[in-house]
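In what follows, every chain begins at residue 1, and chains take the letters A, B, ... in the order their sequences are listed.
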There are 2 protein chains.
Amino acid sequence: MERFVSSYTNKVDAKGRVSVPASFRSILARDGFDGVFCYPSLDSQTLDAGGSSLIDEIHALLEGLDPYSDERDELSLALFGESEILKIDQDGRVVLPPRLREHAGIADSAVFVGVGHKFQLWSPERFEARRMGARKRVVELKKLLRNAARGQTGAIGGAGT
Amino acid sequence: MERFVSSYTNKVDAKGRVSVPASFRSILARDGFDGVFCYPSLDSQTLDAGGSSLIDEIHALLEGLDPYSDERDELSLALFGESEILKIDQDGRVVLPPRLREHAGIADSAVFVGVGHKFQLWSPERFEARRMGARKRVVELKKLLRNAARGQTGAIGGAGT
DNA sequence: ATTGTTTCCATTGACGCCCATAAAATTCCA
DNA sequence: TGGAATTTTATGGGCGTCAATGGAAACAAT
């Protein structure tokens, strides 16, 4: 499966339009999906986005929960209820609805960040803060990771210093 | 698996292009990947790079973590969000995006250093500094190795020089 | 009519693609 | 084995295409 990688900062114009990075678009297209599935992230002030495989994943997650349980009701409401399927116009842009923009604090520019199977939309300021925090924590987590990755060749611990 | 060895210093031109050493290219090609997966190293001011096997390795590492955990989210952000898939043009060059160049302090030339399953990109100055530091540490490590390898043939501590 | 939304067009700048040159390595042959 | 011929590499530059972005025009809704 093709993965979303790298990050791109694009402008949001007065109409709320923003260009989806071309490389992300081609992954979505290969996924057989002519749009962007998008919802407010549950645990950060960002938007999660992806194609049909992301929808399937969330669907599968909900399937795993007890039918008619409160947890399942709440979660499906939180995920599918708040989500949107954004149309990609012929210039490769989507319109971000106000609700989504507010959740992520996105004003006049947005950062598209690939995280493998999906991507996220951040406000530049919040992304920068999150990025720095993540790097710091990851360095702390390295020991943990070495154990988790034992038997592998060590992509992270590597030959560094 | 074929391994990246040796080091090469190549020029970075005005467009940010740099030739990937031919021997590295052929390894990548054998890996079935006509690009370079590249991200800022977590623990030094260098870039880590490799082919699809490196991507798979990182992906597998993330898969091994708790789904929906903060650790996993942060790690995928720090790894996939900051990495790039650099295309190799028909002359065997890649363009280094500003973000990556800044992290490694690479200006008008870059050192490609093979470290087995992956390779690294250094600024010449920083590489030299690290190399000197590494030599010092190696001398210290040799004592450790002598003890650990007592009774073996001593490929490292050996009777050399 | 006014507001909001979608389609279409135009500009600009980056990137991919191609060619040219020069140095280095390799092959080939005497 | 020496040296010439050929192939591979590294590097610089030019040019066309495409992506990102701003704005206008067509369309829909209230």
Side-chain angles (χ1 to χ4, degrees), chain A residues 2 4-30 34-36 38 47 49 51 84-102 106-114 119-124 127, chain B residues 2 4-30 33-38 49 83-102 106-114 119 121-124 127:
Chain A
E2 193 118 28
F4 298 97
V5 299
S6 183
S7 63
Y8 308 86
T9 303
N10 287 344
K11 299 218 169 162
V12 180
D13 70 16
K15 303 177 192 173
R17 293 180 301 183
V18 62
S19 293
V20 178
S23 65
F24 288 10
R25 274 188 337 245
S26 74
I27 295 177
L28 290 169
R30 218 158 313 178
D34 165 35
V36 177
C38 186
L47 307 175
E84 308 258 357
I85 291 180
L86 309 176
K87 269 181 264 172
I88 298 182
D89 72 20
Q90 59 190 358
D91 294 329
R93 288 184 280 199
V94 294
V95 176
L96 289 180
R99 197 195 347 264
L100 293 181
R101 270 198 285 170
E102 279 156 22
I106 291 171
D108 60 359
S109 63
V111 190
F112 289 76
V113 186
F119 61 92
Q120 297 184 320
L121 283 141
W122 289 84
S123 89
F127 175 62
Chain B
E2 192 120 26
F4 299 98
V5 296
S6 183
S7 65
Y8 308 86
T9 303
N10 286 345
K11 297 214 170 167
V12 179
D13 70 16
K15 299 182 187 176
R17 294 180 299 185
V18 60
S19 292
V20 177
S23 65
F24 289 10
R25 270 186 342 243
S26 73
I27 296 176
L28 290 169
R30 219 157 314 180
F33 194 61
D34 81 334
V36 176
F37 178 70
C38 186
S83 37
E84 307 268 353
I85 291 181
L86 310 176
K87 284 192 207 113
I88 298 183
D89 70 21
Q90 59 191 1
D91 297 327
R93 286 183 285 196
V94 294
V95 307
L96 290 179
R99 193 183 15 216
L100 294 182
R101 272 197 286 171
E102 280 156 23
I106 291 171
D108 59 1
S109 62
V111 188
F112 288 77
V113 186
F119 60 92
L121 282 136
W122 290 82
S123 90
F127 178 62

Novice: Going 5' to 3' through nucleotides 22-30 of chain D, assign each nucleotide B (protein heavy atom under 4.0 Å from a base atom), S (under 4.0 Å only from sugar-phosphate atoms) or - (no protein heavy atom that close).
Specialist: BBB------

Novice: Quickly work out the B:F24 CZ to D:dT9 C1' distance and round it to whole Å.
Specialist: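 Rounded to whole Å, this separation is 15 Å.
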
Novice: Which residues pass the salt bridge (charged side-chain N to carboxylate O under 4.0 Å, His left out) test with B:R17, not counting sequence neighbours?
Specialist: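 Expected list: B:D13.
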
Novice: Once you round it to whole Å, what is the distance between C1' of D:dC18 and CD of A:Q90?
Specialist: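 It is 15 Å, rounded to the nearest whole Å.
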
Novice: Is the count of non-hydrogen atoms from other residues, nucleotides or ligands lying under 6.0 Å from A:D91 atom CG greater than 12?
Specialist: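 More than 12 heavy atoms, drawn from other residues, nucleotides or ligands, come within 6.0 Å of this atom.
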
Novice: Please report the closest heavy-atom contact between A:I88 and A:G35, naming both atoms and the distance.
Specialist: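 Nearest heavy atoms, A:I88 then A:G35: CG1-CA, 4.0 Å.
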
Novice: Distance check needed: C:dA25 P versus B:Y8 OH, whole Å only.
Specialist: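 To the nearest whole Å, that distance equals 11 Å.
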
Novice: Nearest whole angstrom, please: distance from the C1' of D:dT11 to the CG of B:D89.
Specialist: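 So the CG-C1' distance, B:D89 to D:dT11, works out to 11 Å.
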
Novice: Output the rounded distance in Å from CZ (B:F112) to P (D:dT11).
Specialist: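 Taking CZ of B:F112 and P of D:dT11, I get 9 Å after rounding.
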
Novice: Which heavy-atom pair separates A:E84 from A:L100 by the least distance, and what is that distance?
Specialist: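 Between these two residues, the closest heavy atoms are CG-CD1, 3.8 Å.
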
Novice: Taking atom CG of A:D34 as the centre, report whether more than 12 heavy atoms of other residues, nucleotides or ligands fall under 6.0 Å from it.
Specialist: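 No.
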
Novice: On the nucleotide D:dA10, are OP1 or OP2 found under 4.0 Å from the side-chain N or O atoms that B:R25 carries?
Specialist: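 Checking D:dA10 against B:R25, a side-chain N or O does come within under 4.0 Å of OP1 or OP2.
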
Novice: Taking the six-membered ring for Trp and the full ring for Phe, Tyr or His, determine whether the centres of B:F4 and B:F24 are under 6.0 Å apart.
Specialist: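 Between B:F4 and B:F24, the centre distance is under 6.0 Å.
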
Novice: Look only at the side chain of B:N10 and the backbone of B:V18, and say whether a donor-acceptor pair between them is shorter than 3.5 Å.
Specialist: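 Judged by distance alone, no pair lies under 3.5 Å.
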
Novice: Which atom names give the shortest non-hydrogen contact between B:L86 and B:P97, and what distance separates them?
Specialist: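 The pair with the smallest heavy-atom distance is CD2-CD, 3.7 Å.
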
Novice: Report which part of the nucleic acid A:V18 touches: base, sugar-phosphate, or nothing (heavy-atom distance under 4.0 Å, all strands).
Specialist: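 No contact.
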
Novice: Note the angle between the end axes of the helix from C:dA1-D:dT30 to C:dA30-D:dT1, five pairs defining each, rounded to 10 degrees.
Specialist: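 Rounded to the nearest 10 degrees, the bend comes out at 30°.
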
Novice: In whole Å, I'd like the distance from the CD1 atom of A:I88 to the P atom of D:dA19.
Specialist: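 A:I88 atom CD1 is separated from D:dA19 atom P by 13 Å.
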
Novice: Whole angstroms only, please: what is the CG-C1' distance between B:L96 and C:dA14?
Specialist: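 One finds 16 Å between C1' of C:dA14 and CG of B:L96, rounded.
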
Novice: Please tell me if the side chains of A:F119 and A:V113 come closer than 4.5 Å, counting only heavy atoms from C-beta onward.
Specialist: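 The answer is no; the side chains never approach within 4.5 Å.
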
